[in-house]
Number of protein chains: 2
Amino acid sequence: MEENARASNEAEGEPDETAAAGALELDRFLPYRLAVLAHEVSRALSSIYRDRFGLSVPEWRVIANLGRHQPMSSNRIAELGSMDKAKVSRAVARLVEAGLITRETDARDNRLIVLKLSARGRRIHNKIAPLALAWEAELLDALTPDERESFDRLVAKLQTRAEALRERG
Amino acid sequence: MEENARASNEAEGEPDETAAAGALELDRFLPYRLAVLAHEVSRALSSIYRDRFGLSVPEWRVIANLGRHQPMSSNRIAELGSMDKAKVSRAVARLVEAGLITRETDARDNRLIVLKLSARGRRIHNKIAPLALAWEAELLDALTPDERESFDRLVAKLQTRAEALRERG
DNA sequence: CGTCCCTCGTTTTAAATGCAACAATTCGGA
DNA sequence: TCCGAATTGTTGCATTTAAAACGAGGGACG
């Protein structure tokens, strides 16, 4: 049923049979599992603020960032969330349009754009935040407190490493 | 510099001031961090098979799945990777076009489509797999063996929980 | 000053995405 | 047996995305 796995050991240089030894088992391949998990988590969580407040993922991320640190530039939000600056730019445009944030240029550096939550934006943020935290709590119910702390730490380590790898190319 | 954080405690029922207590700190909000990490990891890894083999993420995922379990239906690949079936369908179409996989209907159930790697597909898989594993190894260098095992286990737990939450609504 | 280079954010464009509609097929129960 | 429900994969469509080009500033250095 799997006998054709070696049917392709042909001349092509490079790795080949080698792959059979240290085989790629998708079930244990971290990038894959990370992507699947993150996708499902994001999907479930985003339905909360999409259904009730009509916000997209990038829009909510802008609000969530401003909810924590204010004011903040588009560029900084993009960096923090590893989002394309174009994506942030559009999310910001829609949020300004919807009256949830304010956008003005920095007095000292006219390239910079100073973003803040409007009163209405703050209100919506304060409604969504507890829902988001409650959902997270349900997810984290799968782990013990020790495990949560451990997971947190490991994610941070991997994040740091991933950034280092990116800079190195 | 942050004094306007409470400038919006108005009448709107529901959570509000409450949010200030159990505040949403994005830096510690798991769904957000997971998304950021997964995005960076995926981005870095995908550049490997995109640059050298012209494969998109969904395309590589189809190949990676078939590299492990063969044959496999489109639907199963979609389920395993929490991908939209349309996304898989299109990736499959391109891979068939490129001659990397074969597609035939199941004899017993004509709705099912039986996917297999072609010789060429297997060859490409066997070239990419070691590169992917090497990249993963570099990432995991940030963790000790114990930590890796721990992380693996915790991801699995969260994955299970996330699925349970999805089914529940 | 003036020139060159860098940064921030927007816009443009082609490709990818999610969702819903759809056809084909199978399955279960009256 | 027959009809309605469920499943599998494809397609159409509107939206979103990534990547690159772009415009407007800013800063360094002659």
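Below, chain A is the first sequence line, B the second, and so on; all start at residue 1.
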Leading and trailing nucleotides of DNA chain C with any atom under 4.0 Å from heavy atoms of chain B: C:dA16 to C:dT26
Salt-bridge criterion met for A:Lys85 and A:Glu79 (N-O under 4.0 Å): no
Exam field: side chain B:Ser74 to backbone B:Val88, donor-acceptor pair closer than 3.5 Å: no
Upstream residue (5' side of DNA chain D) when A:Arg111 and B:Arg43 are each assigned their closest nucleotide: B:Arg43
Carboxylate-amine/guanidinium contact B:Glu97 B:Arg94, below 4.0 Å: no
Contact nearer the 5' end of DNA chain C, comparing B:Glu59 with A:Arg50: B:Glu59
Touch class at under 4.0 angstrom, heavy-atom based, for A:Lys87 against every strand present: sugar-phosphate
Touch class at under 4.0 angstrom, heavy-atom based, for A:Asp109 against every strand present: sugar-phosphate
Same cluster (ILVMFWY, side-chain, under 4.5 Å), A:Phe53 and A:Ile48: yes
Pair A:Arg28 + A:Glu25: basic N to acidic O under 4.0 Å: yes
A:Arg68 (side chain) donor-acceptor with B:Leu26 (main chain) under 3.5 angstrom: no
Euclidean distance, B:Leu100 CG relative to B:Leu117 CG, rounded to 0.5 Å: 8.5 Å
Sugar-phosphate only, base, or nothing, as touched by A:Ser56 at under 4.0 Å among non-hydrogen atoms: nothing
Lys/Arg-Asp/Glu bridge criterion (N-O < 4.0 Å) met for B:Asp106, B:Arg111: no
Sugar-phosphate, base or nothing in reach of A:Ala86, heavy atoms under 4.0 Å: base
DNA chain D: 5'-most and 3'-most nucleotides touching chain A, 4.0 angstrom heavy-atom criterion: D:dT16 to D:dG26
Salt-bridge contact A:Glu40-A:Arg43 (side-chain N to carboxylate O under 4.0 Å): no
Touch class at under 4.0 angstrom, heavy-atom based, for A:Arg103 against every strand present: sugar-phosphate
Closest-nucleotide ordering on DNA chain C, the 5'-leading residue of A:Ile113 and A:Arg90: A:Ile113
A:Asn110 or A:Arg94, whichever maps to the more 5' nucleotide of DNA chain D: A:Arg94
